[in-house]
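Values reported hereafter were calculated over all heavy atoms of this structure, with side chains retained and with hydrogens, waters and symmetry mates removed.
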Amino acid sequence: MKLDRRKFLNMLLGIGGIGGIVSIIYPIVSFLNPPKSAEPKVNSLKAGLNSDFPENTSKILKFGRKPVILIKTGKDQYKALSASCTHLDCIVQYKQDTKQIWCACHNGLYDLNGRNVSGPPPKPLEEYDVKLIKEEIVVTKLG
Amino acid sequence: MKKISNKLINWIDERYDLTPVRNLLQHKKVPMHRHSVWYYMGGVTLFLFMVQLFTGILLLLYYRPGEDSAFESVRFIVTEVKFGWLIRNVHSWSANLLVFFAFIHMFSVFFSKAYEKPRELTWVTGFIILVFTLAFGFSGYLLPWNELAFFATKVGTDIVGVLPLVGEPLKVLLRGGEDVTGATLSRFFGIHVAILPAIFSFFLALHLIFIQRQGMHEPEKFKNLPEEKKKYIPFFPDFALKDLLLWVVVFNILIFLALYFPWELGNKADAFAPAPKGIRPEWYFMFMFQSLKFLPPHLWFIEGELFGVIAFGLIGLVWMLIPYIKIKNRQNWKYQPLTILGVVAVVFIFIMTILGYIL
């Protein structure tokens with residue numbers, strides 16, 4: 001009888017203890033997990049005037065919080081692709097000599113359609129739509 | 001003077017009984033043989049850690065974490081603060097030497113088989129300390145908030161993300177959000193100056209206590225010598241003074257490097273600029289970085305990166321548990337399998353590191 005009482009109390013103590021520990025750990029883990037900041041919803045972006053953009057050059061646009069690379073491939077011809085390398089998230093750059101997109105981090109190469117051609121990138125770069133509206137370049141998210 | 005110090009010691013002795021300390025100082029001895037030089041490597045590593053602690057605290061007085069202040073405050077330290085450049089250079093160089101000597105210390109222990117019974121836990125705690133040392137290096141690298149550090153951190157934390165299930169949440173936890181931002185910097189700062197020092201000190205204390213309790217390891221050959229042929233020197237003061245002399249030498253090398261090869265600050269990180277050419281991690285991550293580069297995007301059914309991360313993780317785990325791995329040593333084998341494994345590891349690290357710099 002005495003032993004059972006002790007067992008019972010130990011069990012209560014154990015459950016209480018576990019509850020206590022959980023009630024300490026849970027807030028700490030939640031605290032460490034960063035709150036989701038409201039992502040500014042951007043669906044299209046004006047990227048300057050067509051006449052100000054030299055051919056065979058590129059620039060990185062701030063598409064919300066994501067970088068997008070805009071390349072002028074020919075007269076009035078544009079390509080816009082996500083600038084985050086699909087390999088390990090570095091920001092890619094346009095190679096003027098070979099007309100390819102290159103990531104300096106691990107030598108990943110993409111063609112102008114964003115297809116991963118060589119190196120470690122596992123996926124192509126996401127494509128964005130580019131339109132010229134009265135000389136103004138407008139980049140729009142597809143889909 | 002001597003009288004006063006004697007009095008002081010007696011005063012303490014009377015209250016706290018210093019016998020264990022006295023015993024340790026009087027009886028600890030260090031075996032002398034052909035490979036005695038390796039006994040000094042751990043001490044040098046410890047010395048460099050103390051330099052890190054000291055210069056780190058000094059830098060803390062001026063450094064301000066934050067996207068708009070970190071780079072500026074480091075620039076302020078190296079341009080405006082008197083001897084700020086020296087303190088920062090010493091901190092950076094000492095960090096690199098520390099990792100270097102830690103590796104030498106580890107491999108010397110490995111090849112002399114000093115991890116064997118009864119020193120298994122000294123090896124395990126040592127390995128844990130090494131992992132935390134690398135974490136120190138990784139987190140500290142970001143703090144100046146320059147281009148190279150920014151992309152190295154992007155890559156380094158993105159690699160964590162390839163792990164199945166836990167990868168993505170772990171990445172967000174490390175970065176303090178989806179991307180590497182000022183939030184990441186705050187986190188890394190906290191990790192570098194508070195969390196790591198606390199954990200590190202605990203394991204370092206264990207490591208040192210284990211060594212003091214068990215004394216220096218004697219290699220097989222030395223142990224088999226007849227008693228009269230075994231040569232020892234007392235730890236105190238003989239070995240301690242030699243240790244001190246080497247520390248002075250290393251200190252001079254450190255100051256020389258800090259003076260003549262200053263650490264560049266580079267350009268401030270820009271989250272919307274292409275990764276610069278020649279981006280690379282610190283040299284001690286180079287062999288892993290280079291190995292990942294060689295992996296194809298897909299290996300069988302898993303991603304190349306994931307394969308690499310899992311492989312390095314497993315190798316690390318096996319390496320930590322080396323003292324518990326028993327392989328029968330056959331008489332007719334000229335070299336022991338574990339020794340061969342160690343040589344392969346050294347050669348692999350060496351070649352991959354060099355390839356990382358020339359390719």
Side-chain angles (χ1 to χ4, degrees), chain A residues 28-40 42 45 47 57-71 81-97 100-110 115-125, chain B residues 147-148 150-162 169-184 186-187 190-191 195 269-281 289-299 302-309 356 359:
Chain A
I28 293 176
V29 172
S30 308
F31 179 88
L32 289 176
N33 218 0
K36 285 230 176 345
S37 54
E39 192 144 347
V42 183
L45 185 74
T57 59
S58 70
K59 66 176 171 186
I60 305 274
L61 309 172
K62 287 185 188 181
F63 207 91
R65 272 193 284 138
K66 299 286 173 204
V68 167
I69 188 165
L70 178 66
I71 305 161
L81 300 156
S82 158
S84 300
C85 183
T86 55
H87 176 223
L88 290 174
D89 208 22
C90 283
I91 298 182
V92 296
Q93 52 189 286
Y94 176 58
K95 277 186 90 111
Q96 291 177 319
D97 47 347
Q100 278 173 315
I101 296 161
W102 179 57
C103 180
C105 286
H106 302 89
N107 233 347
L109 269 181
Y110 303 87
R115 270 195 311 244
N116 41 326
V117 186
S118 78
K123 280 188 304 216
L125 295 171
Chain B
E147 260 179 347
L148 280 178
F150 177 75
F151 282 105
T153 306
K154 241 171 146 40
V155 170
T157 47
D158 212 64
I159 285 176
V160 178
V162 303
L170 206 60
K171 186 174 101 178
V172 171
L173 195 72
L174 267 178
R175 286 184 171 181
E178 289 290 328
D179 296 302
V180 175
T181 58
T184 319
S186 301
R187 240 158 231 238
I191 291 172
I195 298 173
D270 178 357
F272 287 95
K277 228 185 211 173
I279 181 160
R280 57 169 72 117
F289 174 83
Q290 190 60 33
S291 318
L292 287 185
K293 255 189 183 177
F294 280 141
L295 288 171
H298 293 280
L299 245 132
I302 55 172
E303 264 184 46
E305 239 72 57
L306 180 59
F307 177 84
V309 171
L359 284 186

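- Residue B/F151 holds its CZ atom at 12.5 Å from CG of A/L88, rounded to the nearest 0.5 Å.
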Is there a side chain to side chain contact (heavy atoms under 4.5 Å, CB included) between A/H87 and B/E305? Walk through the geometry before answering. CA-CA 9 Å; A/H87 176 223; B/E305 239 72 57; 2.6 Å; yes
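- Side-chain contact between A/D89 and B/V155: absent, with no pair of heavy atoms (C-beta onward) separated by less than 4.5 Å.
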Residue pair A/K59, B/F272: steps toward the side chain to side chain contact (heavy atoms under 4.5 Å, CB included) verdict: CA-CA 10 Å; A/K59 66 176 171 186; B/F272 287 95; over 6 Å; no
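- Other residues, nucleotides and ligands contribute at most 12 non-hydrogen atoms within 6.0 Å of the NZ atom of A/K123.
- Listed by chain and number, the residues in a salt bridge (charged side-chain N to carboxylate O under 4.0 Å, His left out) with B/D179 are A/K66 (sequence neighbours excluded).
- Looking at A/L61, the atoms closer than 4.5 Å to chain B (heavy atoms on both sides) all sit in the backbone: N, CA, C or O.
- You'll find the side chain of B/R187 reaches within 4.5 Å of the side chain of A/P34, heavy atoms only.
- In terms of the disulfide (SG to SG under 2.5 Å) criterion, residue partners of A/C90 (sequence neighbours excluded) are, by chain and number, A/C105.
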Step by step, would you call B/L292 with A/H106 a side chain to side chain contact (heavy atoms under 4.5 Å, CB included)? CA-CA 9 Å; B/L292 287 185; A/H106 302 89; 5.7 Å; no
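- Interface remark: A/P35 contributes no atoms to any contact with chain B (heavy atom separation under 4.5 Å).
- Of the listed residues (B/A273, B/A183, B/A271), the greatest number of heavy-atom pairs within a distance under 4.5 Å of chain A belongs to B/A273.
- Heavy-atom pairs under 4.5 Å with chain A were tallied for B/G161, B/G176, B/P274; the largest tally goes to B/P274.
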